Amino acid sequence: MAQYTPPLRDMRFVLHELLDVGGALKRLPRHADIDADTIDAVLEAGGQFAAEVVFPLNRSGDEQGCTLDRATHAVRTPDGFKAAYAQYVAGGWPALSCDPAYGGQGLPIVLNQCFYEMLNSANQAWAMYPGLSHGAYECLKAHGTAEQQATYLPKLVSGAWTGTMCLTEPHCGTDLGLLRTKADPQPDGTYRLSGQKIFISAGEHDLADNIIHLVLARLPDAPTGSKGISLFVVPKFRVNADGSLGARNPIYCGAIEHKMGIHGNATCQLNLDGAIGTLVGQPHKGLAAMFVMMNAARLGVGNQGLGLTEVAYQNAVAYAKDRIQMRSLSGPKQPEQPADTIIVHPDVRKMLLTARAYAEGGRALAVYVALLIDREIASDDEDERRECADLVALLTPICKAFLTDNAWLATSHCMQVYGGHGYVREWGMEQFVRDARINMIYEGTNTIQSLDLLGRKVLGDNGARLKKFGRLISEFVEEEGTNEAMQEFVNPLAELGEKVTKLTTELGMKAFGNADEVGGAAVDYLRVVGHLVFAYFFARMAKVALAKQDCGDPFYTAKLHTARFYVAKLLPETAGLIRSARSGVAPLLAMDEAMF
């Protein structure tokens with residue numbers, strides 16, 4: 001059976017020792033009274049909820065899945081999901097980082113980030129139900145009318161209602177410019193929507209009284225392509241003027257997708273047959289409005305990858321410390337036993353340390369980005385807000401793609417540690433692998449994220465955002481340049497930073513001549529920049545650990561070992577990636593289509 005222990009010690013390290021979150025929050029008026037004790041208390045309670053309430057439902061939810069009643073279009077979630085959600089609502093967890101004006105607790109987003117990492121480790125399929133609601137809240141808060149906000153936000157904040165994002169359709173996939181769902185204006189100012197949406201996570205369920213769908217559709221006079229998309233809020237049940245639930249809206253689940261993983265979440269085909277909705281934001285500007293929710297979802301999916309990396313690592317370590325098989329090549333390490341535990345073998349160590357490094361690096365990055373968002377939202381300094389917004393824009397595709405790619409590698413490695421036992425259901429590892437695979441696909445495939453990073457976030461602004469992060473690296477390298485103990489971390493970081501600058505310039509020049517060069521290099525490029533970001537955070541973590549390694553707490557020694565492993569064994573991947581990116585697009589496009 002699988003197990004899970006919330007990684008509170010490492011969270012506290014990242015929050016308090018690495019990033020000084022308390023100090024950063026005190027500079028923000030709305031969070032000035034939040035201290036380390038408050039942060040730790042919330043996370044301890046959140047970890048307890050994740051481990052004791054949600055995690056025990058992970059395997060059973062996967063095995064049971066969701067059930068659609070085709071006659072009523074109702075979906076029943078796995079046993080225990082509804083009760084766990086009720087407990088989640090009763091505990092006030094949906095309101096954690098929401099605006100007090102709508103019933104929220106007003107706590108920083110960085111706290112919500114850590115809480116959701118634990119939920120994703122515990123049960124990704126369950127966590128997706130409330131997770132999407134927060135994105136719907138953010139979208140309506142940013143672009144909804146006063147009436148829409150008054151109607152929907154308090155219910156989303158309390159958790160009484162949940163939210164979805166309804167983007168893609170059977171024929172268009174990621175290319176939303178091709179969508180066909182129609183929205184016909186009505187005399188009363190509402191719209192009747194008709195069409196079909198697919199792959200809608202948590203699109204229908206029995207956890208909450210109402211589901212608030214944010215739907216992309218076209219008005220009758222819409223121009224073609226993505227410039228003709230509008231956004232509408234379409235509730236499962238229409239809402240009366242007094243806030244009570246009214247008639248059932250004709251937006252129905254026609255089928256549940258039969259998926260490789262996340263079986264406990266209802267991924268639905270939704271049919272809209274004249275469903276009543278109201279316009280969110282301006283006509284034909286729906287994609288821009290929806291990007292608020294999409295960007296939140298992309299960070300959330302990166303967090304899903306992080307959560308699965310952590311829980312897979314924990315289980316693989318426990319197994320490796322218990323399973324005996326063969327002797328160490330250098331001689332018995334546990335002579336009292338008939339064989340050594342497999343954790344003595346170098347390649348088992350490599351697989352475990354890969355997962356550990358990707359979890360710890362991912363946690364540092366995810367918490368850092370969440371803190372940037374808190375500063376962007378709450379700072380009184382316009383320059384600080386702009387600076388934080390630029391860094392969040394740059395790092396969002398890295399969070400989504402790099403963390404989920406790493407999760408696929410890490411969960412696969414951790415399953416490998418089990419040998420044949422990992423491939424069977426009994427130990428729970430194969431579920432982590434199956435669940436991790438979707439995170440590389442939805443909310444924009446990782447190739448889309450790579451194109452976004454290189455094409456829009458780097459070349460699109462002539463490298464301005466990348467240079468801002470580069471300055472953080474340069475300042476750190478300069479500060480630690482004479483610190484002998486830090487050279488093993490600083491030198492590789494500085495060297496990779498220079499290589500990224502050269503590679504970026506080279507790819508920019510190639511793109512002027514042939515835009516396909518961006519497509520040929522983007523995936524490699526994102527992974528190189530992802531490693532640059534991780535190298536920066538591991539160097540910073542090593543600095544803290546070096547200063548405290550003699551305090552008697554083995555945590556800091558372990559942190560140093562992990563940082564050294566990352567630099568020695570994982571960072572060198574960038575050499576091959578850079579060579580591949582520089583090889584250009586010709587090897588990809590030279591073959592005639594008929595030869596495939």
Side-chain angles (χ1 to χ4, degrees), residues 14 17-20 24 302 357-358 360-372 375-376 383-384 386-399 401-403 406 450 453-454 457-459 461-508 524-547 559-560 562-568 570-575 577-578 581:
V14 172
E17 300 179 70
L18 177 67
L19 299 178
D20 185 24
Y358 282 149
E360 293 184 6
R363 184 171 298 116
L365 172 58
V367 173
Y368 175 76
V369 171
L371 182 59
L372 286 175
R375 292 168 58 199
E376 177 190 352
D383 290 337
E384 181 182 8
R386 187 182 304 110
E387 187 85 2
C388 291
D390 283 343
L391 288 172
V392 170
L394 175 75
L395 295 172
T396 292
I398 297 172
C399 284
F402 195 59
L403 269 60
N406 291 344
S450 301
L453 175 68
L454 179 56
K457 304 297 174 57
V458 176
L459 300 183
D461 70 354
N462 294 315
R465 293 187 184 95
L466 183 63
K467 289 174 184 175
K468 288 184 177 182
F469 194 83
R471 282 197 293 272
L472 298 177
I473 294 174
S474 298
E475 290 168 2
F476 183 80
V477 169
E478 186 174 347
E479 289 171 4
E480 300 302 319
T482 59
N483 184 349
E484 186 64 30
M486 282 293 293
Q487 297 312 294
E488 61 181 309
F489 307 107
V490 169
N491 291 340
L493 172 62
E495 180 182 352
L496 182 56
E498 293 174 1
K499 289 179 178 178
V500 167
T501 299
K502 292 177 181 177
L503 177 62
T504 303
T505 302
E506 181 179 333
L507 294 177
D524 292 333
Y525 182 84
L526 184 143
R527 192 149 185 87
V528 171
V529 178
H531 274 299
L532 177 67
V533 172
F534 268 36
Y536 169 68
F537 283 113
F538 268 113
R540 289 185 57 182
M541 289 189 282
K543 178 183 177 181
V544 176
L546 281 166
K559 183 66 71 175
L560 280 172
T562 306
R564 287 173 178 140
F565 167 83
Y566 175 79
V567 170
L570 300 182
L571 196 59
E573 179 191 9
T574 55
L577 291 167
I578 291 171

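Computation of the quantities below employed the complete heavy-atom set of this structure, encompassing side-chain atoms and omitting hydrogens, waters and symmetry-equivalent molecules. Everything quoted here is computed from the prediction, not taken from an experiment.
With a 4.5 Å cut-off on side-chain heavy atoms, F489 and L560 count as touching. Two residues are said to be in side-chain contact when any heavy atoms from C-beta on lie closer than 4.5 Å; H531 and Y566 meet this criterion. Between V14 and F537, every side-chain heavy-atom pair lies at or beyond the 4.5 Å cut-off. At a threshold of 4.5 Å between non-hydrogen side-chain atoms, the residues Y368 and L395 count as touching. Inter-residue side-chain proximity for L532 and L493 is flagged as met; some heavy-atom pair is nearer than 4.5 Å. Two residues are said to be in side-chain contact when any heavy atoms from C-beta on lie closer than 4.5 Å; V528 and L496 meet this criterion. Proximity of V500 to L466: side-chain heavy atoms (C-beta onward) are separated by under 4.5 Å at one or more points. V392 places a side-chain heavy atom less than 4.5 Å from the side chain of E376.
In the displayed structure, K502 atom NZ is contacted under 6.0 Å by at most 12 heavy atoms of other residues, nucleotides or ligands.
With hydrogens and angles ignored, the 3.5 Å screen pairs a side-chain donor or acceptor of Q487 with a backbone N or O of E480.
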Task: Full working for side-chain contact (heavy atoms from CB on, under 4.5 Å) between L19 and R540 - done: CA-CA 9 Å; L19 299 178; R540 289 185 57 182; 3.9 Å; yes
TODO: Start with the C-alpha gap between K499 and E495, add the side-chain angles, then the distance that decides, and say whether salt bridge (Lys or Arg N to Asp or Glu O under 4.0 Å) holds.
DONE: CA-CA 6 Å; K499 289 179 178 178; E495 180 182 352; 3.2 Å; yes
- [ ] May I have the step-by-step check of side-chain contact (heavy atoms from CB on, under 4.5 Å) for K559 and E360, ending in yes or no?
- [x] CA-CA 9 Å; K559 183 66 71 175; E360 293 184 6; 3.0 Å; yes
- [ ] Check step by step if side-chain contact (heavy atoms from CB on, under 4.5 Å) holds for F534 and L570.
- [x] CA-CA 10 Å; F534 268 36; L570 300 182; over 6 Å; no
- [ ] Would you check, one step at a time, whether the test side-chain contact (heavy atoms from CB on, under 4.5 Å) holds for L365 with F402?
- [x] CA-CA 11 Å; L365 172 58; F402 195 59; 5.5 Å; no
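Distance CZ/R386 to CG/L391: 13.0 Å, rounded to 0.5 Å. Y525 contributes atom OH, which lies 7.0 Å from atom CG of L507 (distance to the nearest 0.5 angstrom). One finds the NZ atom of K468 at 9.5 Å from the SG atom of C388 (value rounded to the nearest 0.5 Å). Remark: R363 CZ to M541 CE distance equals 9.5 Å, nearest 0.5 Å.
Checking each of L526, L503, D524 against L577 for a side chain to side chain contact (heavy atoms under 4.5 Å, CB included) leaves exactly one that passes, namely D524.
Here the closest heavy-atom approach between residue A357 and residue F565 is recorded as CB-CD2, 4.3 Å. Residue L394 comes nearest to F469 through the heavy atom pair CD2-CB, 3.9 Å, listed as atom of the first residue, atom of the second, then distance. The shortest non-hydrogen separation linking L546 to A485 is CD1-O, 3.7 Å. Of all heavy-atom pairs spanning L571 and A535, the tightest one is CD1-CB, 4.1 Å. Residues L453 and P397 approach most closely at CB-CG, 4.0 Å, considering heavy atoms. In this structure, M486 and A539 approach most closely via the heavy-atom pair CE-O, 3.2 Å.
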